[in-house]
Structures are given as C-alpha cells and as structure tokens.
Amino acid sequence: MATKDKVYKCLSPVGNRNAVDTFPLAPRLNTIEGKTIYLSVCGEPDITLALEKRLKVVYPKVNWKTKRTYITDPVPLSEEEMKTADALIQGVAW
C-alpha cells in the first residue's frame with residue numbers, strides 16, 4: 001500500500017454535543033449602572049485578577065464586590081449579601 005493510500009481514523013476529543021434547553025434564573029437587569037454586582041471566583045488568580053481590574057475600568061459606576069478563594073470550591077454569598085446583590089458573576093479558574 002502506498003503512503004497516500006493510508007486512511008487514518010480518529011475520534012473528536014470534543015465528542016457529540018446534545019442540545020440543551022436554557023432558561024434564566026432571574027430577570028435580566030435593564031442596566032448595571034448603580035447596581036451591586038458580586039464577583040465570586042475560586043482557583044488560580046491567572047485571569048480573574050485581570051478580569052476584575054477590567055470590569056472596574058469598563059463599568060466604573062457599578063458597585064463591585066469581590067469574594068475570592070484559592071481553593072476549588074466556589075465562595076457562596078451570605079444571606080445578607082444575597083439580599084443586597086443585584087447580580088453575581090461566579091467563576092472558576094484552574
């Protein structure tokens with residue numbers, strides 16, 4: 001068999017993606033100006049420090065609150081924080 005006749009088969013590491021239904025957990029905010037938004041991140045601070053800095057520059061009229069841990073479990077909001085939060089950005093970095 002000539003080299004050009006070889007056929008290689010491989011599986012995609014992505015696999016087959018099934019369609020999923022998505023739905024919001026809360027109504028979308030009409031504006032974020034003047035809102036309190038928590039940025040809760042866990043894991044390595046590689047991109048999360050830059051993300052936090054960028055969000056504060058791009059959206060200066062937002063009251064940003066940051067919760068951070070360097071373990072892999074997300075940082076939950078307390079009952080009081082949940083009452084005062086308008087939104088939450090939850091992130092995990094490895």
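Positions are given from 1 along the sequence. Since the model is a prediction, treat every value here as computed from it, not as a measurement.
Smallest separation of non-hydrogen atoms from V62 and I32: CG2-O, 3.2 Å. When all heavy atoms are compared, the tightest approach of W64 to Y59 is NE1-O, 3.2 Å.
The side-chain heavy atoms of K56 and L39, taken from C-beta on, include no pair separated by under 4.5 Å. Residues I89 and L55 form a side-chain contact, since some pair of their non-hydrogen atoms from C-beta on lies under 4.5 Å apart. Between Y38 and K67, the closest side-chain pair of non-hydrogen atoms falls below 4.5 Å.
In this structure, D86 contributes its side chain and T36 its backbone to a donor-acceptor pair below 3.5 Å.
Under a 4.0 Å N-O distance rule, the pair K83/E79 does not qualify as a salt bridge.
By the neighbour-count criterion of 12 heavy atoms within 6.0 Å, atom NZ of K65 is sparsely surrounded, having that number or fewer from other residues, nucleotides or ligands.
Two different hydrophobic clusters hold V58 and L49 under the rule that ILVMFWY side chains link at heavy-atom gaps under 4.5 Å.
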